[in-house]
Visitor: 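Sharing a structure below in structure tokens format, with a few things to ask.
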There are 2 protein chains.
Amino acid sequence: MRIRNMSNEWRWTRQRRKVLETLGSRRDHPTAEDVYRDLRAQGEQVSLATVYRTLRSLEQEELARTLHGAGADRFDACIDPHYHLSCDKCGRTVDVPVAYHRPLDEAARQSGFEIRGHSLIFFGRCPRCTDEEA
Amino acid sequence: MRIRNMSNEWRWTRQRRKVLETLGSRRDHPTAEDVYRDLRAQGEQVSLATVYRTLRSLEQEELARTLHGAGADRFDACIDPHYHLSCDKCGRTVDVPVAYHRPLDEAARQSGFEIRGHSLIFFGRCPRCTDEEA
DNA sequence: CTTAATGCAAAGGTTTTGCACCCTA
DNA sequence: TAGGGTGCAAAACCTTTGCATTAAG
């Protein structure tokens with residue numbers, strides 16, 4: 001896990017640790033509700049409000065990022081630039097082994113915007129939903 | 001404007017025409033609320049519910065598409081694959097002159113997902129917000 | 001005429017917030 | 001003990017929906 005913002009003192013409360021732990025342990029990218037349900041299922045005492053607050057603060061510390069799509073936001077504990085793949089049908093979102101394409105950012109700078117990077121999401125059907133289709 | 005779904009019979013009511021017209025006339029990508037306010041400002045009689053319903057139906061007909069990001073969804077009357085640029089600060093979203101990169105879709109197909117395409121949004125600061133920063 | 005589209009208001013889903021209480025350093 | 005963190009419930013946002021009414025073809 002990458003350490004940043006050492007100047008910021010965060011209290012590593014049980015809830016905060018557990019939220020990050022849960023997010024990091026999943027290979028997909030859960031919604032806040034998913035994280036909340038996982039934690040409750042493990043018997044952790046936590047509220048949905050705290051999950052949201054924690055996720056947003058992890059985002060500020062660059063320990064997590066938000067993925068926007070149809071429906072609820074999803075969260076990713078890996079902030080290194082990479083792409084995602086999202087199923088139109090079930091919403092399941094996972095990493096995809098396609099390298100981040102930096103030249104695109106260069107090209108976009110010609111627009112006059114101050115570009116920080118880009119987010120790319122492939123859409124289509126996951127194998128599970130493709131099968132169910134048949 | 002591209003004509004499709006000729007089999008579908010849509011009633012080109014005044015509201016429907018005006019929503020598409022407004023969406024097409026803007027170079028940025030407005031939210032439903034933006035479209036609604038534009039229309040009301042022009043003295044058009046329309047409700048926000050109708051704007052949403054119309055935008056969603058235009059999307060189904062492939063006369064418009066939805067852009068997901070932080071905050072409210074934004075809409076685009078051009079469905080040809082292309083990229084967007086969105087300001088972190090004010091949310092303003094515009095087209096960017098960077099060509100759609102088809103090889104990425106090919107690469108992503110190795111994941112086993114059935115890929116339909118990808119959506120790419122550059123993020124950063126628009127010139128206006130960069131100036132205000134100073 | 002017939003049927004879909006509309007407006008309104010209410011409901012639904014997601015996310016944030018105010019506040020009293022609690023915990024940790 | 002001081003300060004932020006937490007839970008709860010309410011509010012805020014964004015979007016959809018049910019239903020009576022209107023209007024397009």
Side-chain angles (χ1 to χ4, degrees), chain A residues 5-23 29-61 63-76 86 90-91 93, chain B residues 5-23 29-40 42-61 63-76 86 88 90-91 93:
Chain A
N5 292 14
M6 299 199 44
S7 56
N8 256 321
E9 300 222 353
W10 294 98
R11 295 196 181 176
W12 284 93
T13 60
R14 177 171 193 86
Q15 287 87 342
R16 188 177 184 77
R17 266 184 284 115
K18 288 296 183 180
V19 166
L20 184 51
E21 206 174 293
T22 299
L23 194 59
H29 302 304
T31 62
E33 179 81 34
D34 290 336
V35 171
Y36 172 71
R37 286 218 312 280
D38 267 21
L39 289 174
R40 301 297 292 205
Q42 292 168 197
E44 291 297 330
Q45 161 60 30
V46 71
S47 70
L48 183 55
T50 293
V51 171
Y52 270 108
R53 270 189 292 236
T54 303
L55 289 169
R56 297 301 178 201
S57 101
L58 290 171
E59 190 176 13
Q60 296 238 347
E61 294 171 76
L63 289 172
R65 58 179 283 210
T66 303
L67 311 177
H68 301 294
D73 286 348
R74 289 169 177 275
F75 298 87
D76 186 346
S86 173
C90 68
T93 302
Chain B
N5 293 14
M6 299 199 44
S7 57
N8 256 322
E9 300 222 351
W10 294 98
R11 294 196 180 176
W12 285 93
T13 59
R14 176 170 194 86
Q15 287 86 344
R16 187 177 185 78
R17 266 183 285 116
K18 288 296 183 181
V19 167
L20 184 52
E21 206 174 294
T22 297
L23 194 60
H29 302 305
T31 62
E33 180 81 34
D34 290 336
V35 171
Y36 172 71
R37 286 218 312 279
D38 268 21
L39 290 174
R40 300 296 293 206
Q42 293 171 34
E44 289 299 331
Q45 160 61 31
V46 70
S47 69
L48 183 54
T50 293
V51 171
Y52 271 108
R53 270 188 293 236
T54 303
L55 289 170
R56 297 302 179 200
S57 101
L58 289 172
E59 190 175 12
Q60 295 238 348
E61 293 171 75
L63 289 173
R65 57 178 284 210
T66 303
L67 310 177
H68 301 295
D73 286 349
R74 290 170 176 276
F75 298 87
D76 186 346
S86 172
D88 289 333
C90 69
T93 301

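Each chain gets a letter, A, B and so on, in the order its sequence line appears, and its residues count up from 1.
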Visitor: I want to check something: taking the side chain as every heavy atom from C-beta on, are A:D38 and A:E44 in contact at a cut-off of under 4.5 Å?
Guide: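 Heavy-atom side-chain distance check fails, nothing below 4.5 Å.
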Visitor: Under 4.0 Å between a side-chain N or O of A:T13 and OP1 or OP2 of D:dT6?
Guide: yes
Visitor: Taking all non-hydrogen atoms of both residues into account, name the closest pair between B:H29 and B:R74 and its distance.
Guide: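 That closest heavy-atom pairing would be O-NH1, 2.8 Å.
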Visitor: Which heavy atom in A:P30 sits nearest to a heavy atom in A:L23, and how many Å separate them?
Guide: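 Closest approach of A:P30 to A:L23, heavy atoms only: CG-CD1, 3.7 Å.
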Visitor: Output the single nucleotide from C:dT2, C:dC23, D:dT15 whose closest atom is nearest the side chain of B:R11.
Guide: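 Among C:dT2, C:dC23, D:dT15, the one nearest the side chain of B:R11 is C:dT2.
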Visitor: When you check the phosphate oxygens OP1 and OP2 of D:dT6, does a side-chain N or O of A:Q45 lie under 4.0 Å from one of them?
Guide: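 Indeed not, no polar side-chain atom of A:Q45 lies that close.
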Visitor: Between B:R53 and B:F75, which residue's closest nucleotide on DNA chain D lies nearer the 5′ terminus?
Guide: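 First, find each residue's nearest nucleotide; the 5'-ward one identifies B:F75.
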Visitor: Would you say the side chain of A:R37 lies within less than 4.5 Å of the side chain of A:E33, judging by non-hydrogen atoms?
Guide: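 Heavy-atom side-chain distance check passes, below 4.5 Å.
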Visitor: Quick one: is B:Q15 getting a side-chain N or O under 4.0 Å of the D:dA23 phosphate, OP1 or OP2?
Guide: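 It does not, given that no N or O in the side chain of B:Q15 lies less than 4.0 Å from OP1 or OP2 of D:dA23.
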Visitor: Between D:dA12 atom C1' and B:E33 atom CD, what is the distance in whole Å?
Guide: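 Atom CD in B:E33 sits about 14 Å away from atom C1' in D:dA12.
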Visitor: Write down the distance between CG (B:D34) and P (D:dT15), rounded to a whole number of angstrom.
Guide: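 So the two atoms are 11 Å apart, to the nearest Å.
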Visitor: For C:dT16, does OP1 or OP2 lie under 4.0 Å from any side-chain N or O of A:Y52?
Guide: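 No, outside the criterion.
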Visitor: How close or far is atom P of C:dC23 from atom NZ of A:K18, stated in whole angstroms?
Guide: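 Roughly 18 Å, once rounded to whole Å.
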Visitor: Using whole Å, what does the distance between atom P of nucleotide C:dT24 and atom CH2 of A:W12 come to?
Guide: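 In whole Å, C:dT24 P lies 16 Å from A:W12 CH2.
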Visitor: Which of these nucleotides, D:dT17, C:dT15, C:dT3, is closest to any side-chain atom of A:A72?
Guide: C:dT15
Visitor: Is there a side-chain contact (heavy atoms from CB on, under 4.5 Å) between B:T93 and B:D76? Walk through the geometry before answering.
Guide: CA-CA 10 Å; B:T93 301; B:D76 186 346; over 6 Å; no
Visitor: From CG of A:D73 over to C1' of C:dT15, roughly how many Å is that when rounded to an integer?
Guide: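 That distance rounds to 9 Å.
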Visitor: Please state how far atom CG in B:L55 lies from atom C1' in D:dT16, giving the value in whole angstrom units.
Guide: 13 Å
Visitor: Mind calculating the distance between CG (A:L48) and P (C:dT17) to the nearest angstrom?
Guide: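 In whole Å, C:dT17 P lies 14 Å from A:L48 CG.
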Visitor: OP1 or OP2 of D:dG7 sitting under 4.0 Å from any side-chain N/O of A:T50?
Guide: yes
Visitor: Report yes if at least one side-chain N or O of B:R56 is closer than 4.0 Å to OP1 or OP2 of D:dT16; otherwise report no.
Guide: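 So the side chain of B:R56 is within the cut-off, an N or O lying under 4.0 Å from OP1 or OP2 of D:dT16.
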Visitor: How many Å lie between CG on A:L67 and C1' on C:dT15, as a whole number?
Guide: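 So the two atoms are 16 Å apart, to the nearest Å.
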